[in-house]
Number of protein chains: 2
Amino acid sequence: MLKVDPTLIKDLKAFSGLEMAELELMLGEAQSSYFAKGDAFFREGERATRFFVLLDGYLQVVRTTENGEQVIMRHFAPGEVFGIAPALQRETYPANAIAVADCVALHWPNKCWEDFASRVPRFLKNAHGAVGERLNASQDRIIEMATEQVERRVARAVVRLVNQAGKKTEHGIRIDIPVSRQDIAEMTGTTLHTVSRIFSAWASLGLVEVGRQKIEVLSAHKLVTIAEGH
Amino acid sequence: MLKVDPTLIKDLKAFSGLEMAELELMLGEAQSSYFAKGDAFFREGERATRFFVLLDGYLQVVRTTENGEQVIMRHFAPGEVFGIAPALQRETYPANAIAVADCVALHWPNKCWEDFASRVPRFLKNAHGAVGERLNASQDRIIEMATEQVERRVARAVVRLVNQAGKKTEHGIRIDIPVSRQDIAEMTGTTLHTVSRIFSAWASLGLVEVGRQKIEVLSAHKLVTIAEGH
DNA sequence: CGAAATGTTTGCTAAAGATCAAATTGAATG
DNA sequence: CATTCAATTTGATCTTTAGCAAACATTTCG
């Protein structure tokens, strides 16, 4: 349980447009917790009891098929709400939320949701807006899976990772979380073998520099070209 | 503009749990319109001005890629809300909504949304629940596209169509809307050729009877077996 | 440090589907 | 009824990508 200063978080997306008084009201009801890399915020099918805002770190939302295959649905960066079952009239969490870096998150018991509906309506609006974006993103991904082939899907996944977790380096941009070939495969619906081959090809074109759980993009522009196909 | 009797629609999913007075309040603000097969309720990118509840008929939500390929995102049957941009803080509609059979729909200007938020809260809850289901369905479809091969995806699409628009016949269940091979291809991310081959194979196993824009399932059980793979 | 464990690369082969081309069927229309 | 048009089927071929196997590299840990 950490103490959180409202001025530090007022610019987070989830709290955008909130009055300082509203933010303090919310913080008064919040718990904050630390989740180590690898920890689960919640698991698929588990009864949903609380909702979260990520303050620091990075997390993955993953679903597992009956055959034990994993599909990485998306990543969340600081400032995002997640686990907002009450916004969707859900009883259970629909997926696993796993910290892929050490994380700090605020969370509230679900009963606060109704309470905030009247007292911090802007927070609910932000959350519903986030839901809309996610629905859009899901549909974009369906279209991508339906119409584009693997290399482009992989390029897009890398571009997304760069946007969410890219850190400038001397020669390019490094993705600041450990991402394996298998992870990329699970994000794009292919195999680690195919991802490895694609990365090798890109590396020999001088487009990226790759290593064990490491991706550094040397020519973001060319990568975007592959991703968007112009 | 048709007159709608509240008792006829009180059992629709969108209105579930509403008091008769609430329903009458909503109907007082509603317009009802007829949309002929092929008409668009709204188009992708268009400014969202109103939200809908389908009373009768059947509609498709379709998105088009830059290359002009179409992807059918989903179908809606009577009782469903759609075009609910205000629920998601959206300014524009994200896709095309096209009547695939003659339709009747109620619709309201967006300003009613805020109004109903206080006066018919249950309607908003229902709508948010529907959003949750759609987000789930989208994610299921991503998983399907990522992990399953074409025959199974096609089988699932046909099962969904049967559930939403199946009519019992002498020998089986016929899908009561015209669905071409191309349509199925756009629902599953494949080509009409592959769909045609799959249908031919199923037909020769006595599993379905197919024709021009016609699908009749003779053995729903076997089809589900293919769809779920047991 | 040496041994395991884990992640990655790469060659080879095979299968799933896409693409191209052409024939066929069925419906619709004048 | 003949003609046209759209939907469908089917064959042949070509690509893409999965699957398997083995080697290789890097990290971790006893």
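- Close to C/dG17, at under 4.0 Å from its OP1 or OP2, lies no side-chain N or O of B/T191.
- Distances shown here put a side-chain N or O of A/S200 below 4.0 Å from the OP1 or OP2 atom of C/dT10.
- Nearer to the 5' terminus of DNA chain C, by closest-nucleotide assignment, is the contact made by A/Q213 (compared with the other of B/E148 and A/Q213).
- Residue B/R152 contributes atom CZ, which lies 11 Å from atom P of C/dG17 at whole-angstrom precision.
- For A/R197, the side-chain atoms get nearest to D/dC20 when compared with the rest of D/dT17, D/dC20, C/dC20.
- A centroid separation of 6.0 Å or more is found between the aromatic rings of B/H107 and B/F51.
- Place A/E151 and A/R212 on DNA chain D by their nearest nucleotides, and A/E151 ends up nearer the 5' end.
- One interatomic measurement links the two molecules: NZ of A/K214 to C1' of D/dA25, which rounds to 14 Å at whole-angstrom precision.
- When the P atom of C/dT10 is taken as reference, atom CD1 of A/I198 falls 13 Å away, rounded to whole Å.
- Contact annotation for B/S196: base contact, defined as any heavy-atom pair under 4.0 Å involving a base atom.
- With rounding to whole Å, A/F199 atom CZ is found 12 Å from C/dT8 atom C1'.
- Atom P of nucleotide C/dT9 and atom CD of A/E209 are separated by 13 Å, given to the nearest angstrom.
- Using a 4.0 Å heavy-atom criterion, one finds that A/R181 contacts the sugar-phosphate atoms exclusively.
- By the 4.0 Å N-to-carboxylate-O rule, B/E209 lies too far from B/R174 to be salt-bridged with it.
- Atom CH2 in B/W202 sits roughly 18 Å away from atom C1' in D/dT10 (whole-Å rounding).
- Taking 4.5 Å as the limit, every side-chain heavy atom of B/N96 sits out of range of all side-chain heavy atoms of B/V61.
- Rounded to a whole Å, the NE2 atom of A/H193 is 17 Å from the P atom of D/dC24.
- Taking the six-membered ring where tryptophan is involved, the planes of A/F52 and A/F41 are perpendicular, since the angle between them exceeds 60° and thus also 30°.
- Rounded to whole Å, the distance from CD on B/Q149 to C1' on C/dA15 is 9 Å.
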Derivation of the side-chain hydrogen bond (donor to acceptor under 3.5 Å, both in side chains) call for A/E216 and A/T169: CA-CA 9 Å; A/E216 184 165 344; A/T169 62; 2.7 Å; yes

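- The phosphate of D/dA18 (OP1 or OP2) has a side-chain N or O of A/T194 nearer than 4.0 angstrom.
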